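This chain uses plain numbering: 1 for the first residue, then up along the sequence. All values reported here derive from a predicted model rather than from experimental measurement.
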Amino acid sequence: MEKLPKVALPFIIAAVVLLVLLTKSAVTIESGEAGVLFRTFGEGVVVDEPALGEGFHIVAPWNKVFIYEVRQQEILEKMNVLSSNGLDIKLEASIWFQPDFKNLGKLHQEKSEMYKERVLLPAIRSAARSVVGRYTPEQLYSSKRDAIQQEIFEETKNIVEDQYIQLNEVLVRDVTLPATIKDAIERKLKQEQESLEYEFRLITADKEAQKQIIEAQGKADANRILSASLNDQILRDKGIEATIKLSESPNSKVIVIGSGDGGLPLILGNN
């Protein structure tokens, strides 16, 4: 194999150097990510320009790009907190969050890539202890779950809103009480439910009795009014009306005028 001409050697070296530089300068940012540029011979972290978006980028080989996931993320955190009466409560919560894209450079400069461990988790723990400490175990177990969840979210959001973190939601997944306290609460709730059912049956029975009394009173009043309004003339008129209707019947009959009680017609024969 013939030796390469000496004149070609510099071109080969230059090509290798160029390839290395291109390799170190090319940055590909994947979907759901963004890059923070660090200028080694400049002002350091770039905070006054937008973060690098998805796609292919060329940067100076002596600079660095720090990649952040900017889509919504989730952290599952399990905590031990105290209720208002000092009982140990185990709380499990999901935190939905994402870094503030517009301030990604400041987030990297001030908090670094460990912003979750340095800011978000301490914030959620502090908020959870503060909120749960206002409630009794009974409230935590039953009626106040949604209120507690909302309060933890709001307090955590107040802590991280100026820390370049966007908090989307806090979901309380589980509240675990000491076994003895849980059993006592369940017994109490069962007794309260049974008491409410008994009161409901009493109220229903009382209403039914009142209904029957009202109906009976109504019937008595109607009968009294009807009796007071009847006299011989009214009864005679009613009898005549009934007789006329019977006489129009196709059945054969004999009608004797004025032979019945009170002078009413007497009907004989009815086939």
Chemist: Do you know which two heavy atoms are closest between Ile124 and Met79, and how far apart they sit?
Modeler: O-SD, 4.1 Å
Chemist: Please answer whether the main-chain N or O of Gly32 pairs with a side-chain N or O of Glu54 as donor and acceptor at a distance below 3.5 Å.
Modeler: yes
Chemist: Do the side chains of Ile165 and Lys111 get nearer than 4.5 Å, heavy atoms only?
Modeler: no
Chemist: Do Val160 and Phe101 sit in one hydrophobic cluster, given that two such residues count as connected whenever their side-chain heavy atoms are within less than 4.5 Å of each other, even indirectly?
Modeler: yes
Chemist: Does any part of the side chain of Leu52, heavy atoms only, come nearer than 4.5 Å to the side chain of Val27, both counted from C-beta?
Modeler: no
Chemist: With side chains defined as the heavy atoms from C-beta onward, is the minimum distance between Arg71 and Ser31 less than 4.5 Å?
Modeler: yes
Chemist: Keeping the roles fixed (side chain from Gln149, backbone from Val172), state whether a donor-acceptor pair exists under 3.5 Å.
Modeler: yes
Chemist: To the nearest 0.5 angstrom, please state how far the CD atom of Gln163 sits from the CD atom of Glu110.
Modeler: 7.5 Å
Chemist: With a 4.5 Å heavy-atom cut-off, do Leu107 and Asp100 have their side chains touching?
Modeler: no
Chemist: Could you pull out the closest heavy-atom pair between Leu167 and Trp96, with the gap in Å?
Modeler: CD1-O, 3.6 Å
Chemist: May I ask whether Ile75 and Val70 are part of the same hydrophobic cluster, defined by side-chain heavy atoms of I, L, V, M, F, W, Y residues being less than 4.5 angstrom apart, directly or through others?
Modeler: yes
Chemist: Is it the case that more than 12 heavy atoms not belonging to Lys64 sit under 6.0 Å from its NZ atom?
Modeler: no
Chemist: I would like to know whether Ile89 and Asn80 meet side chain to side chain contact (heavy atoms under 4.5 Å, CB included); could you show each step before the answer?
Modeler: CA-CA 6 Å; Ile89 309 296; Asn80 288 338; over 6 Å; no
Chemist: Could you check Val131, Ile152, Thr176 and say which one makes a side chain to side chain contact (heavy atoms under 4.5 Å, CB included) with Leu91?
Modeler: Ile152
Chemist: What closest approach, in Å, do Ser112 and Arg118 show between heavy atoms, and which atom pair accounts for it?
Modeler: OG-NH1, 3.1 Å
Chemist: Between the side chains of Lys90 and Glu92, is the shortest nitrogen-to-carboxylate-oxygen separation below 4.0 Å, so that they form an ion pair?
Modeler: no
